Amino acid sequence: MMAEIKIHVFHTGEACVAPDLPFGGEHCSTIKASGAFAKKSERLWLPVSAYLIECSHGKIIFDCGWHRNMSPDGVFDKKAQIKSLGSLPLYVTNQGRIEKGLAIDEQLAALGIHPADLDLVLLSHLDCDHTNGLNLVADAKQILVSKDELLFAENKTPVNRIRYNADWWRSTKMQTFDWNGTEGLAGKSYDVFGDESLVMVNIPGHSKGLCALKITGSDGRFILLLRRWRLRPKIVGAADHIRHCR
Ligand SMILES: [Zn+2]
């Protein structure tokens, strides 16, 4: 399948969240999802992933995982995380850790790829576990996120002021794209290269501009990279990777 497209799956650390964040459903309250009042023992460590896609259009990254500055020494580091995330409330909601060698640039280097060799970075959405590591690959030729997502992230609601930190992308060359197609249930999609090989499909709910990435080979077969934990256990059996916090 898709002999001409190679997809590398990178495990870029883990995030510790309340069960209601990934599994509470679309209408779960922000307070419950934040886990601010939940027992620490009930929290889950979930994998944070990113992808490298090698195709005729070059080398493309889909999401970036955690920045090395979340775990400068490769272990859980509260102080470093609060600084990287930009606020204590976001740290309370989303803790992370990333072992040495697992940051996106470190894994690319192991494959002999320098960030400047990347043709494009696509961001599914702007949450910390997808965008926090963007600065590690900021030398990529192009960085794109949906316009709806950037507008949502910058809408200045009390929740989004905590949820999103513009420091993750402000100093990069990140640009936005407008929908140019109608794929998906929301009827909003973006055909990245105009040949349907890579299509960002809007799956709003978790965030307004959230996109799944549909990758189609020349034989017409496709895979869909979804970026929401709550969909994964049912779809790809990721429950095997879920374990409780210490
Ligand atoms: Zn998210």
Side-chain angles (χ1 to χ4, degrees), residues 9-36 38 43-51 61-67 70 81 84-87 89-98 104 121-135 143-155 157-169 174 176 184-186 188 190 200-213 224-236 238 241-242:
V9 182
F10 296 140
H11 177 91
T12 47
E14 294 164 305
C16 186
V17 297
D20 281 308
L21 186 66
F23 305 120
E26 294 294 344
H27 306 292
C28 179
S29 79
T30 303
I31 295 286
K32 260 189 107 178
S34 79
R43 287 183 157 233
L44 305 168
W45 280 103
L46 299 176
V48 170
S49 52
Y51 305 84
I61 289 285
F62 184 43
D63 286 344
C64 304
W66 293 129
H67 196 288
M70 287 286 285
Q81 285 182 59
S84 178
L85 293 172
S87 73
L90 186 56
Y91 164 78
V92 169
T93 303
N94 259 285
Q95 286 136 41
R97 64 181 175 215
I98 177 161
I104 186 95
V121 175
L122 289 169
L123 296 165
S124 65
H125 64 306
L126 294 172
D127 266 340
C128 55
D129 49 327
H130 302 259
T131 306
N132 175 266
L134 177 61
N135 279 298
I143 301 168
L144 288 175
V145 71
S146 76
K147 193 176 184 178
D148 282 1
E149 180 65 12
L150 186 61
L151 289 172
F152 178 73
E154 293 182 336
N155 71 4
T157 61
V159 169
N160 283 1
R161 274 171 189 264
I162 293 167
R163 179 176 177 179
Y164 296 103
N165 178 359
D167 286 352
W168 305 327
W169 61 79
M174 187 180 87
T176 59
L185 287 176
K188 291 174 181 175
Y190 174 65
M200 295 283 271
V201 180
N202 188 210
I203 46 169
H206 170 69
S207 74
K208 188 154 186 267
L210 174 65
C211 288
L213 181 61
L224 202 55
L225 301 179
L226 293 161
R227 308 296 7 234
R228 296 157 68 185
W229 282 318
R230 68 172 63 101
L231 293 175
R232 278 191 200 153
K234 282 181 202 139
I235 290 176
V236 296
H241 304 295
I242 294 167

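Atoms within a ligand are numbered from 1 in the order they appear, just like the ligands themselves. Predicted model only: the values in this text are computed from it and were never measured.
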- Task: Using only heavy-atom distances, determine whether the side chains of N165 and S87 contain a donor-acceptor pair under 3.5 Å.
- Result: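 No, S87 and N165 have no side-chain donor paired with an acceptor closer than 3.5 Å.
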- Short side-chain donor-acceptor distance under 3.5 Å, N155 and T157: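 Result is yes, a qualifying pair exists.
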- Kindly say whether S124 contributes a backbone atom to a donor-acceptor pair with the side chain of E149 at under 3.5 angstrom?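 Flag not set: sc E149 to bb S124 has no pair under 3.5 Å.
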- Is the distance from the Zn ion (ligand 1) to the nearest N/O/S atom of C128 under 2.8 Å?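 For C128, the answer is no, given that no N, O or S atom comes within less than 2.8 Å of the Zn ion (ligand 1).
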- Query: Can you tell me if an N/O/S atom from H206 lies under 2.8 Å from the Zn ion (ligand 1)?
  - Reply: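 Checking H206: at least one N, O or S atom is under 2.8 Å.
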- Kindly give the atom name of the N, O or S atom of H125 closest to the Zn ion (ligand 1).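 It is NE2, the N, O or S atom of H125 closest to the Zn ion (ligand 1).
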- Query: What's the atom name of the N, O or S in D127 nearest to the Zn ion (ligand 1)?
  - Reply: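 The closest N, O or S atom of D127 to the Zn ion (ligand 1) is OD2.
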- Which atom pair, heavy atoms only, marks the closest approach of V17 to L46?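 Closest pair (atom of V17, atom of L46, distance): CG2-CD1, 3.8 Å.
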